[in-house]
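Reading through the structure tokens given below for one structure.
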Protein chains: 2
Amino acid sequence: MESAIHTAAPPEAGRSRGSLAEDVCRRIADEIVLGQLAPGTRLDEVTLAARFAVSRTPVREALKQLAIMGLVETRPNRGSVVAALSVEQLNHMFEAIAELEAACARHAALRMSEADRAAMRQHHAEGRAAMQAGDIERYEAANVALHATIIRGCYNPVLIDMATSLRDRVSSFRRTQFRNLERMSESFEEHSVIVEAILAHDVITTYREMRSHLISARSATTRAAPAWGNAPAAAAAPLPPDPLP
Amino acid sequence: MESAIHTAAPPEAGRSRGSLAEDVCRRIADEIVLGQLAPGTRLDEVTLAARFAVSRTPVREALKQLAIMGLVETRPNRGSVVAALSVEQLNHMFEAIAELEAACARHAALRMSEADRAAMRQHHAEGRAAMQAGDIERYEAANVALHATIIRGCYNPVLIDMATSLRDRVSSFRRTQFRNLERMSESFEEHSVIVEAILAHDVITTYREMRSHLISARSATTRAAPAWGNAPAAAAAPLPPDPLP
DNA sequence: AGTCCATGAATTGCATGCAACGTGCCAATC
DNA sequence: GATTGGCACGTTGCATGCAATTCATGGACT
């Protein structure tokens, strides 16, 4: 069960496992998530078929699957393009991520194994080192690893899959999240509170802080959004209210 | 954007809109959700192609999409069957639904329009009438309508889509949820508290009560699960802890 | 000069044919 | 008698051909 590439793929398992369609789907998804395929890029069936040395059929199936995952947008008889999200859609996604990851973190605070806790502390320490070195790339990697560890810590495949696939869908839009060091240290401080709360099994603090942390991340990302100019950019959509229970 | 049948299909719009693949996908999904296709049923490409009077290609694409949505399970070179969930998977799904719908309800408490509030009250009143009449079918319908109204009240397409598609995936497993009237009146009382809280814009009570309401619903459903016998049924899996922040 | 229509190129959507994989059964052997 | 090997069938997976829809460009008419 569980939809996407996360459960299906043994990480980096020698390329070309399973059916051609799934393989093509994974490879395209990787390129989109890694930002090698910019949003708005046209995805032509014959071109892709040629690139991957397969026929059009598996490419078609891969594109349909990617469309359902939300990574590409397919218009009838008009082909597919890499999904370009409007600022409004991005806000909705971040809000959903905040809800999902906060719920994951709350469960993780009660269910994480000792190994999970150790991994979490290590990723956080790595983040501190990256921050002190002013290495944005490295901090970004540590950030992703930390969040992934917490998400998996809820031990609920359904929640894990939804949170992970949502993260993938917005990943290419948050490359510049930590371009200023101020946001980086702010993020690190927020991480510290969350990690402490999880280690203390404090579900209330964990939930509240993870949620507000992700709302901060949303603001940091969408502030930079208008610079893209690729989307309708509905005039800096007013952020809907964010109740903190 | 947004994956599934919910946004794509104008409800009951004359059958056969859009591409054949999407149409076939919707029709199969409907039959699964409505319980006309029992979990475990074998889905043969040629048989389905004959039934819908199309070729195998659109059927193939439809099955792939359904597999990603989690409604069918596809094993390589072995065909597809209607997804049969184990008790453990069902628990995970209910937990995810509880988190998602509680979040939706919290936002709905602040964002619902007056029309939404009126619709919510009406569905709740319909539920009361059904309960007093002892009509389980009718209460079930009112229950679905009430929850759908609250979910849509969050005005976040991403959250709405995730919550709705999750509900669809488990819908065929909860037909017998209210088979005893005790659970029905219990459910109604819980609804009353939630509706009141939403009308009062009380985000904290809304969130807490919706979450515990859905956890109750989970217990009511999975208690009946072993009777199905179609799944491994991992010996009445111990319910994981449910922190209430 | 502007607008509308028509025709053409390109791309997707669907159908069918062929090959490969997995399954079930039967028989031969230990 | 049980187990294993092989064979045949059915089903999925992929490739290719044809039809339908869409967009663009050019011409003619107002």
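Throughout, protein chains are lettered first and strands after them, A, B, ... in sequence-line order, and every chain is numbered starting at 1.
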Determine whether a donor-acceptor pair (N or O, by modelled atom type, separation under 3.5 Å) exists between the side chain of [X] and the backbone of [Y].
X      : Y      : result
A/Q89  : A/S86  : yes
B/T149 : B/A145 : yes
A/R56  : A/V46  : no

_If the condition is salt bridge (Lys or Arg N to Asp or Glu O under 4.0 Å), which residues does A/R117 pass it with, not counting sequence neighbours?_
none

*Kindly write out the residues that satisfy side-chain hydrogen bond (donor to acceptor under 3.5 Å, both in side chains) with B/E126, not counting sequence neighbours, or none if the list is empty.*
B/R138

*Pairing residues for B/H123 by the ring-ring contact (aromatic ring centres under 6.0 Å, His included) criterion, not counting sequence neighbours*: none

_Interface residues of residues 47-59 of chain B with DNA chain D (non-hydrogen, below 4.0 angstrom)_ = B/R56

*Mapping A/N77 and A/E61 to their closest nucleotides on DNA chain D, which lands nearer the 5' end?*
A/E61

Would you kindly give the [atom1]-to-[atom2] distance between [X] and [N], to the nearest whole Å?
X     : N      : atom1 : atom2 : answer
A/R60 : C/dG13 : CZ    : P     : 5 Å
A/L63 : C/dT11 : CG    : C1'   : 13 Å
B/L43 : D/dT12 : CG    : P     : 10 Å
A/D23 : D/dC14 : CG    : P     : 10 Å
A/R75 : C/dT12 : CZ    : C1'   : 13 Å
B/L20 : D/dA19 : CG    : P     : 17 Å

Which pairs, protein N/O on one side and nucleotides 6-8 of chain C N/O on the other, fall under 3.5 Å?
none

_For a quick test of reading the model: is some side-chain N or O of B/R78 closer than 4.0 Å to OP1 or OP2 of C/dC21?_
no

*Tell me, which pairs form a ring-ring contact (aromatic ring centres under 6.0 Å, His included) where one or both residues lie in residues 140-170 of chain B, sequence neighbours left out?*
B/H147-B/H191, B/H147-B/H213

*What residue among B/T74, B/V81, B/V59, B/L48 forms side chain to side chain contact (heavy atoms under 4.5 Å, CB included) with B/L43?*
B/L48

_A/D168-A/S165 side chain donor-acceptor pair, cut-off 3.5 Å_ = no

